[in-house]
Participant: 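One structure, as structure tokens, below. Some questions next.
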Amino acid sequence: MTTSSILGQFDLCADKTQFPDLDNGYYYPVDVRIRLFGDATRWAMVAELLGYGPRAGNLVDLVYCFGNCLTRGEPGFGGSLDRVDNMAEIDPDGAEVYAGGVPVVVRGTALTVGAGAGAGTPLQDLFRLLAPASRGLLLADERELRAGIPSDLPELLRLDEWNQPEEFWDVRPSEHETFRMIADVLESGDPTRYRPTLPANTHWSHWPDAGTL
């Protein structure tokens, strides 16, 4: 387990478009998270991109898993998790706007829609308003998170924001500060190795073209 082998896996997945892409044209970004896990011989990274997908017809958590100890699948895109239980009530006409007057139900929990979102609010804006106070429901829980990695693998670090390259065609993960530091944390087991100098840009407002295809 070395930084070069970790970065090599990241680069290979990026070359195959199997690495988290915040500029995904099919999903309006809502929230993100990266969690790092490891011990003396094993490592794993789980990245989540939460976004509204008009084609998917739901608020979807895209989960990417990497590591040398995955319990299912290959490194890269690991699957998606639909988050909203009552899309037919929120958007009965398929117009991609909030119908108004109903809560957003996530995993059986009704989330009250505040005054900031009324009838006619674009769904991506509705979900972006709800996300800050509801991250625990919208992002992966422990069971979902551990579906592809060992249950006993210790967590090293959790990132709720970071600096992301605009395109991995121009800058591979191994050439970018964020993922080089992530690899260093995973190789060493020391979370203090993550000391970013670049400003975080993973907030949805930095990716205006995402979701527009």
Participant: Does any non-hydrogen side-chain atom of Pro150 lie less than 4.5 Å from one of Thr71?
Facilitator: yes

Participant: Please check if the number of heavy atoms outside Glu166 that lie under 6.0 Å from its CD is greater than 12.
Facilitator: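 Open.
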
Participant: Please check: side-chain N/O of Gln18 versus main-chain N/O of Phe77, any donor-acceptor pairing under 3.5 Å?
Facilitator: yes

Participant: Can we say Asp152 and Arg42 salt-bridge, meaning some charged N sits less than 4.0 Å from an Asp/Glu carboxylate O?
Facilitator: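 Yes, charged N to carboxylate O under 4.0 Å.
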
Participant: Quick one: does Leu138's side chain get under 4.5 Å of Phe127's, heavy atoms only?
Facilitator: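 No. Closest side-chain heavy atoms not under 4.5 Å.
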
Participant: Quick one: does any side-chain atom of Glu177 pair with a main-chain N or O of Thr197 as donor and acceptor, under 3.5 Å?
Facilitator: yes

Participant: Distance-only, no hydrogens or angles: does the Gln164 side chain make a donor-acceptor pair with backbone N or O of Pro20 under 3.5 Å?
Facilitator: yes

Participant: Mind running side-chain contact (heavy atoms from CB on, under 4.5 Å) on Trp204 and Val30 for me, showing each step along the way?
Facilitator: CA-CA 6 Å; Trp204 57 262; Val30 173; 5.7 Å; no

Participant: Tell me, yes or no, whether the heavy-atom count around Tyr26 atom OH, taken from other residues, nucleotides or ligands under 6.0 Å, exceeds 12.
Facilitator: no

Participant: Hey, is the main chain of Ser174 close enough, under 3.5 Å, to the side chain of Asp11 for a donor-acceptor pair?
Facilitator: yes

Participant: When you look at CZ of Arg180, are more than 12 heavy atoms from neighbouring residues, nucleotides or ligands closer to it than 6.0 Å?
Facilitator: no

Participant: Do Ile34 and Met45 have side-chain heavy atoms sitting under 4.5 Å apart?
Facilitator: yes

Participant: Once the angle between the rings of Phe179 and His176 is folded into 0 to 90°, is it parallel (under 30°), tilted (30 to 60°) or perpendicular (over 60°)?
Facilitator: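 Plane angle between 30° and 60°, so tilted.
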
Participant: Going by heavy atoms in the side chains, are Leu49 and Asn24 under 4.5 Å from each other?
Facilitator: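 A side-chain contact is absent here, since even the closest heavy-atom pair is not under 4.5 Å.
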
Participant: For Ile6, is there any backbone N or O sitting under 3.5 Å from a side-chain donor or acceptor partner on Gln9?
Facilitator: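 The answer is no, because no donor-acceptor pair under 3.5 Å joins these two groups.
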
Participant: Do Val104 and Leu126 touch side chain to side chain, with heavy atoms closer than 4.5 Å?
Facilitator: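 Sidechains of Leu126 and Val104: in contact.
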
Participant: Under 6.0 Å between ring centres: does that hold for Phe10 and Phe19?
Facilitator: yes

Participant: Tell me whether the count of non-hydrogen atoms from other residues, nucleotides or ligands lying under 6.0 Å of CD in Glu74 goes above 12.
Facilitator: no

Participant: Can you check whether Trp162's main-chain N or O pairs, donor with acceptor, with Thr202's side chain at less than 3.5 Å?
Facilitator: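 Such a contact is found between Thr202 side chain and Trp162 backbone.
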
Participant: Taking the side chain as every heavy atom from C-beta outward, state whether Leu123 and Met87 have any atom pair closer than 4.5 Å.
Facilitator: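 Yes, close enough: below the 4.5 Å cut-off.
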
Participant: Does Glu96 use its side chain to pair, donor to acceptor, with the backbone of Pro54 at less than 3.5 Å?
Facilitator: no

Participant: Return yes if some donor-acceptor pair links the side-chain N/O of Asn201 with the main-chain N/O of His206 below 3.5 Å, else return no.
Facilitator: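 No, because the side chain of Asn201 does not come within donor-acceptor range (under 3.5 Å) of the backbone of His206.
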
Participant: Does a side-chain N-to-carboxylate-O contact under 4.0 Å join Arg35 and Glu142?
Facilitator: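 The answer is yes: the pair qualifies as a salt bridge.
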
Participant: Contact between Leu59 and Leu130 at the side-chain level, heavy atoms closer than 4.5 Å - yes or no?
Facilitator: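 Heavy-atom side-chain distance check fails, nothing below 4.5 Å.
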
Participant: Side-chain contact test, heavy atoms from C-beta onward, threshold under 4.5 Å: evaluate it for Phe66 versus Leu186 and give yes or no.
Facilitator: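 A side-chain contact under 4.5 Å is absent here.
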
